[in-house]
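Quick caveat: nothing in here was measured; it's all calculated off a predicted structure. Just so it is clear: chains get the letters A, B, ... in the order the sequence lines come, proteins before strands, and each one is counted from 1.
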2 protein chains.
Amino acid sequence: MVNEKVGRAANPGKRTRLPAAERRAQILTVARDLFVTQGFEQASMRRIADAAGITPTAIYDHFADKEALLTAIAADFFDGLVAAMTVPPDAATDPLGLLRQLMINYVRYGLAHPNEYRLVFMTSLSRFVPTLGHRGLPCSGVVPEEVAQKTVKAMQSFGILQTGIERLVAAGLLRADDPEGFADSVWAMGHGIVSLVITKGDSNFTPIDRWIDTSIGILMDGMRPR
Amino acid sequence: MVNEKVGRAANPGKRTRLPAAERRAQILTVARDLFVTQGFEQASMRRIADAAGITPTAIYDHFADKEALLTAIAADFFDGLVAAMTVPPDAATDPLGLLRQLMINYVRYGLAHPNEYRLVFMTSLSRFVPTLGHRGLPCSGVVPEEVAQKTVKAMQSFGILQTGIERLVAAGLLRADDPEGFADSVWAMGHGIVSLVITKGDSNFTPIDRWIDTSIGILMDGMRPR
DNA sequence: ACCGTAAACTTATCGCTGTTAGGTTAGGTG
DNA sequence: CACCTAACCTAACAGCGATAAGTTTACGGT
């Protein structure tokens, strides 16, 4: 008999055999699709394999485990984020407007890829957040390898924001109190908006556009020299 | 024989039988403990049951499913949050300082209960976020029952923030542009700080205290009348 | 004091999950 | 043709959430 399992996959009859690189890319594509449409938990290795037209175990020849799929996808996401935040240095536009655009791009990109965003910025992979100090001050514990790598990638886009702010400070357009802290605050605001809308929907909030506008306005005014 | 399974539970020999209310409360206690120390996924019904000294299925006599445990815990969390944000109206303190304190309390409470916070504010229960509009504008879909209930509870603490800000606007201490938007922005900032520290640790950031200070400073300045 | 009944809890099992060990087949090289 | 390895498979494990149906315990009414 020819091992003709019943309802196999996308390509029922012929079972194709691909070189590693192609197969890897294909797995990544269908995995991202399933993660995005069904979520990380619901998208099982079996379903991913099924969509890819192979058996679940074949995935393990290309990726260490399910998390490895996630981190590979996260890498792509970060590349896109960096691209979205890399606005051409048309020095013609006013510098403050550039910061404004930076934050808008961040929020829009996050909302345009809500599930990747959640995977990347709102989950700590398998290792759970270790218990923190009871005063609420986290004792920065051992950071797993992949999380660290993710962090590096994230820092790249954060760096864009940071240097942007430093430039504005140098130009005297923003207060010089605490440039690094400013970048953190701007990021917190942007991330707060994105993650709140993702988890709770925008139904209970100020319309998203006005929300972004108001938030940016507050930030700008709040960081301006007195 | 007396059904003497090997290494049973906390109270090995005697198998106690509790009235529903007590058992329910006890299950909730151990479940919260396991959720907090090991995370929602890792804390299985079997482990919870084991810690409670009963079999897994007994839990289902008191809670519909695993999520019901979570929502019950979330309710307690929100009660604590509301309490933390209900500062006594010592009108003696300046009103702006009260808003400041409100945000500090929010962030500290969130960081003091990081895993409950994540469970409550950073996960959408089982149902995944439905695919959003491709322009990044969420199409507010059907909200599951429990999520809605969670939202109501969350709105209570948000309401405290909102009325606090409205009072400051009425007193002329803040701009009157968009009071509702201001509350959203303040919340986004607070939530952004908490969730970023929770998922990524505080290692890469401005020290948390300074971060809060700087953020609040920006918000205050940014909302003040020009 | 008995007994019925309902509450409290159990056993056994289902279909699912991520993952591993080890076997098989196809494609290209000598 | 023989071989070898990359690519893929089958079978299975331990654990998951959840259900159906059976058992034990406590308590209220007579």
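The separation between B/Arg47 atom CZ and D/dG17 atom C1' is 13 Å, rounded to whole Å. As rounded to whole Å, 21 Å separates atom P of D/dA12 from atom CE of A/Met45. Residue B/Glu22 contributes atom CD, which lies 17 Å from atom P of C/dA7 at whole-angstrom precision. What separates NZ of B/Lys66 from C1' of D/dT19 is a distance of 17 Å, to the nearest Å. The CD atom of A/Gln42 sits 10 Å away from the P atom of C/dG18 (whole-angstrom rounding). Rounded to whole Å, atom P of D/dA18 lies 5 Å from atom CG of B/Asp65. The interatomic distance linking B/Leu70 (CG) with D/dG17 (P) rounds to 13 Å, in whole Å. In this structure, A/Phe63 atom CZ and C/dT20 atom P are separated by 15 Å, rounded to whole Å.
For B/Glu116, the side-chain hydrogen bond (donor to acceptor under 3.5 Å, both in side chains) test picks out no residue, with sequence neighbours left out. In this view, B/Asp178 and A/Arg210, A/Thr214 satisfy the side-chain hydrogen bond (donor to acceptor under 3.5 Å, both in side chains) rule, not counting sequence neighbours. In this view, A/Gln101 and A/Asn105 satisfy the side-chain hydrogen bond (donor to acceptor under 3.5 Å, both in side chains) rule, not counting sequence neighbours. Listed by chain and residue number, nothing satisfies the side-chain hydrogen bond (donor to acceptor under 3.5 Å, both in side chains) test with B/Arg100 (two or more places apart in sequence, or in another chain).
The list of salt bridge (Lys or Arg N to Asp or Glu O under 4.0 Å) pairs with a residue in residues 36-48 of chain B, not counting sequence neighbours, is empty.
Taking 4.0 Å as the cut-off between side-chain N and carboxylate O, B/Arg108 and B/Asp209 count as a salt-bridged pair.
Across D/dA18, C/dC9, D/dC8, the shortest atom-to-atom separation from the side chain of B/Arg46 is found for D/dA18. Listed nucleotides: D/dC16, D/dC8, C/dT19. Nearest to the side chain of A/His62: D/dC8.
Comparing A/Ala64 and A/Ser44 by the nucleotide of DNA chain C whose heavy atom lies nearest to each, the residue mapping closer to the 5' end is A/Ser44.
Classification of the A/Tyr106-A/Trp187 ring pair by plane angle, with boundaries at 30° and 60°, yields perpendicular.
If you check every strand for non-hydrogen atoms under 4.0 Å, B/Pro56 touches nothing.
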Next on the checklist: For a quick check, with a 4.0 angstrom heavy-atom cut-off, what is the B/S/- contact string for nucleotides 21-30 of chain C, read 5' to 3'?
Outcome noted: B---BB----
